[in-house]
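Just below is one structure, and these are the notes that go with it.
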There are 2 protein chains.
Amino acid sequence: MSLRYAILGYLSSGPGTGYDLARQLDTGLGWFWTARHSQIYPELKKLTEGGLIRRHSAVAGENFDKFEYSITEAGLAELREWAGQAPSYPPNRDSERLQLIFSDEQPSSLRLHLEAHLEHFRQRRDRLRETLSSMQQGTHPRVQKRIDEGPPSRADLTLKLRELAYSGDIARAELEVAWAQSALDWLDEYEQDNVERLAGRQPG
Amino acid sequence: MSLRYAILGYLSSGPGTGYDLARQLDTGLGWFWTARHSQIYPELKKLTEGGLIRRHSAVAGENFDKFEYSITEAGLAELREWAGQAPSYPPNRDSERLQLIFSDEQPSSLRLHLEAHLEHFRQRRDRLRETLSSMQQGTHPRVQKRIDEGPPSRADLTLKLRELAYSGDIARAELEVAWAQSALDWLDEYEQDNVERLAGRQPG
DNA sequence: TTGTCCATGTAAACAGTTACATGATTGA
DNA sequence: TCAATCATGTAACTGTTTACATGGACAA
């Protein structure tokens, strides 16, 4: 249900094509929503039909047009209305945790599990840091465009809220890294104990 | 795709009805997966057809039978195989963050947003603490059943992995609480500054 | 007898992923 | 001219939610 607002939000910083959106949302890097182009193009159509965005042709090559979309006043109003509502939280679904608690018959797979977790969130943390850093240095094109071309009264808040959001996500990733590290420390001890127990049983 | 494993995992601690599963998964409380009964009953049928669980009648009232499901050897093998794989992480989708970064034109809604966030994760933290606590005290029926009736070699690990999982989720909730609190502190200052700025402009 | 919980299903709609499909532009 | 990237769509499938539907058990 948030895809439409992710699109409206993106376009609220300036016009863009479906392809632009797909690049932003496909990877999900530096962004808070993900979607494939196969979901984006139909949604752009719906938003256009609803009058929340407008579609116009733009030159892509010599005899080839692309379509740019711009947000309308109605779209801006709907985005603001949505942003001002209290957040709602989706039901928790965490397959990593499920796998973890049902590994109690195969502790041998725990190291793989925890190391993959560690690596995943290290990378996420690093990419989030890079993105935040580029925003703070003014080299993030889209955010800088929003700051430069939006109403001056908004500029400070634009950056501050991104900092809040990204530093929060960075802290989340750091927490996962620390969690996995302490779990791996425990696992070292656990496996050491098991080795000693087996050695004690069969000395020599 | 994890629903089948959530079900297999639940049944790996002992037999249960579709209704039992629905109660566990409907609220998602103290659990890592959520589903409605409308999704559970068809999935139980599929799993039965695949030979991963078995269905048998059990007495519910005088002239009324309910259906109990038990995991089969094939089901246990599939559960173990899945649990041993490296975790994979779904693409990030976070409507709360989207709402936050697009509130830069309506700072007036930020307090509502942050207070709702704070309250949501305070409650989640408290419920997770209660669940963990009941497991550690041996009063969590389902987990205690798994510990008591499973192979003794598994018992320590069953509890330890639940502790890892739940304490990790508790730490996540605590992080969100701390994040929201520091954001609210910033907001207090921000609004104070604005009041002073307005007062400075129109003194008296 | 009335309301709450126990108990089990199906149907329609919506959201998201994967696969299919096509063609232009640009730089090496 | 070849590969990578730009650019735009549709179709089929899977997963999830909401709504529809039914009926027994049990306690106030």
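Residue numbers begin at 1 in each chain, while the letters A, B, ... track the order of the sequences.
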Produce a footprint string for nucleotides 17-28 of chain C: one letter per nucleotide, 5' end first; B if the base is under 4.0 Å from any protein heavy atom, S if only the sugar-phosphate is, - if neither. BBB----SS---
Listed pairs, N/O of protein and of nucleotides 2-5 of chain D, under 3.5 Å:
none

Taking only residues at least two apart or on different chains, which pairs with a member in residues 136-147 of chain A satisfy salt bridge (charged side-chain N to carboxylate O under 4.0 Å, His left out)? K145(A)-E149(A), R146(A)-D104(B)
Residues forming a side chain to side chain donor-acceptor pair (under 3.5 Å) with T17(A), sequence neighbours excluded: D20(A)
Between Q99(B) and H113(B), does any side-chain donor sit less than 3.5 Å from a side-chain acceptor? no
Tell me, please, which residues at least two apart from R154(B) pass side chain to side chain donor-acceptor pair (under 3.5 Å). E105(A)
Residues that D188(A) engages under side chain to side chain donor-acceptor pair (under 3.5 Å), provided they are two or more places apart: R111(A)
Please enumerate all residues that pass ring-ring contact (aromatic ring centres under 6.0 Å, His included) together with H120(B), with sequence neighbours excluded. Y89(A)
Once pairs are restricted to Watson-Crick or G-U wobble with both distances under 3.5 Å, how does DNA chain D read as a dot-bracket string, [ ] for crossings and | for other-strand pairs? ||||||||||||||||||||||||||||
Residues two or more places apart in sequence or in another chain: which of them pass ring-ring contact (aromatic ring centres under 6.0 Å, His included) with F67(B)? none
Set of residues satisfying ring-ring contact (aromatic ring centres under 6.0 Å, His included) with respect to Y190(A), sequence neighbours excluded: W186(A)
Residue pairs involving residues 83-99 of chain A (criterion salt bridge (charged side-chain N to carboxylate O under 4.0 Å, His left out); sequence neighbours excluded): D94(A)-R172(B), R97(A)-D169(B)
In chain order, what residues pass the side chain to side chain donor-acceptor pair (under 3.5 Å) check against E81(A), with sequence neighbours excluded? Q85(A)
